[in-house]
Amino acid sequence: MRTRIIRLMLIFFVVISTAGCEAFVRKFTRKPKDKMKTEELVLVPQEYKPAQVTKEEQYRQAFLFWKNWHDELIDSLTSEGNRKKQIDCLKEAVNSLLTLRQLLNTGKKKKLDIYLDRIDNLRSQIDDDIYGSDISSQRADAEKLKREILREFSYEKIKKCLV
């Protein structure tokens, strides 16, 4: 008898739930989404021209880059220094000096070439010193080079020699 009652109640529940209340069904059905406005695609890219930089600004920027890379080189020339970092700093400092060189007249280019040769000599010393036994003299050479380049190629002394 109990199983019959349970079966009847179960059948009654299934019939009621399948028929359901229309408001209840409407409440839980997914509503269609509103179509979002699509933006127009840009078919022709626009070219943005860089701002015109004067020779003075180019020189100052390249000089600042050289100074920062050379400072980084001097900081890396310690007993715990990383050789790879030292060589990378030297390369970037030379690249900045080469950028400076393009902006100078021929007389100052020759002076800068002397310093570039000395930096190349310093690079060969660092490359040859595998164990870092001569790092203190290399650091002293790098500091001396920095002082001399700062003295010779500061903007105040070079502004008349820019091409």
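Quick note: residue numbers are just sequence positions, from 1.
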Same cluster or not: are [X] and [Y] linked, directly or through other Ile, Leu, Val, Met, Phe, Trp or Tyr residues, by side-chain heavy atoms under 4.5 angstrom apart?
X      : Y      : value
Leu150 : Leu145 : yes
Leu112 : Trp69  : no
Ile74  : Leu116 : no

Between the side chains of [Y] and [X], is the shortest nitrogen-to-carboxylate-oxygen separation below 4.0 Å, so that they form an ion pair?
X      : Y      : result
Asp129 : Arg83  : no
Glu152 : Lys111 : yes
Arg118 : Asp141 : no

Mind running side chain to side chain contact (heavy atoms under 4.5 Å, CB included) on Ile158 and Leu100 for me, showing each step along the way? CA-CA 11 Å; Ile158 294 296; Leu100 286 179; over 6 Å; no
Separation of [Y] [atom2] from [X] [atom1] (nearest 0.5 Å):
X      : Y      : atom1 : atom2 : result
Gln138 : Leu90  : CD    : CG    : 9.5 Å
Tyr115 : Asn121 : OH    : CG    : 14.5 Å
Asn68  : Cys89  : CG    : SG    : 10.5 Å
Tyr59  : Ser154 : OH    : OG    : 7.0 Å
Phe153 : Lys108 : CZ    : NZ    : 6.0 Å

Quick one about [Y] and [X] (side-chain donor to acceptor, distance below 3.5 Å, no hydrogens or angles considered), yes or no?
X      : Y      : result
Asn95  : Thr99  : no
Ser137 : Asp134 : yes
Gln46  : Tyr48  : yes

Quick one: does [X]'s side chain get under 4.5 Å of [Y]'s, heavy atoms only?
X      : Y      : result
Asn105 : Leu162 : no
Ile126 : Leu77  : yes
Leu98  : Gln102 : no
Asp88  : Glu72  : no
Arg139 : Thr78  : yes
Leu73  : Glu92  : no
Lys146 : Trp66  : yes
Tyr155 : Phe63  : no

So does Ala93 get a backbone contact from the side chain of His70, meaning a donor-acceptor N/O pair under 3.5 Å?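 Side chain of His70 to backbone of Ala93, a donor-acceptor pair under 3.5 Å: no, none is there.
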Which is it for Arg123 and Gln86 under the side chain to side chain contact (heavy atoms under 4.5 Å, CB included) test, yes or no, and what are the steps along the way? CA-CA 9 Å; Arg123 178 188 297 165; Gln86 294 166 359; over 6 Å; no
Can you list the steps and then say if Arg151 with Lys157 is a side chain to side chain contact (heavy atoms under 4.5 Å, CB included)? CA-CA 8 Å; Arg151 184 178 60 235; Lys157 291 189 177 185; 4.0 Å; yes
Where is the tightest heavy-atom contact between Ser96 and Ala62, given as atom of each residue plus distance?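 The pair with the smallest heavy-atom distance is CB-O, 3.7 Å.
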So which heavy atom on Leu104 is nearest to which on Lys109, and how close?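 Taking Leu104 first and Lys109 second, the nearest heavy atoms are O-CE, 3.0 Å.
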Evaluate the criterion side chain to side chain contact (heavy atoms under 4.5 Å, CB included) for residue pair Ile5 and Arg2; output intermediate values, then yes/no. CA-CA 5 Å; Ile5 293 174; Arg2 280 187 176 193; 5.7 Å; no
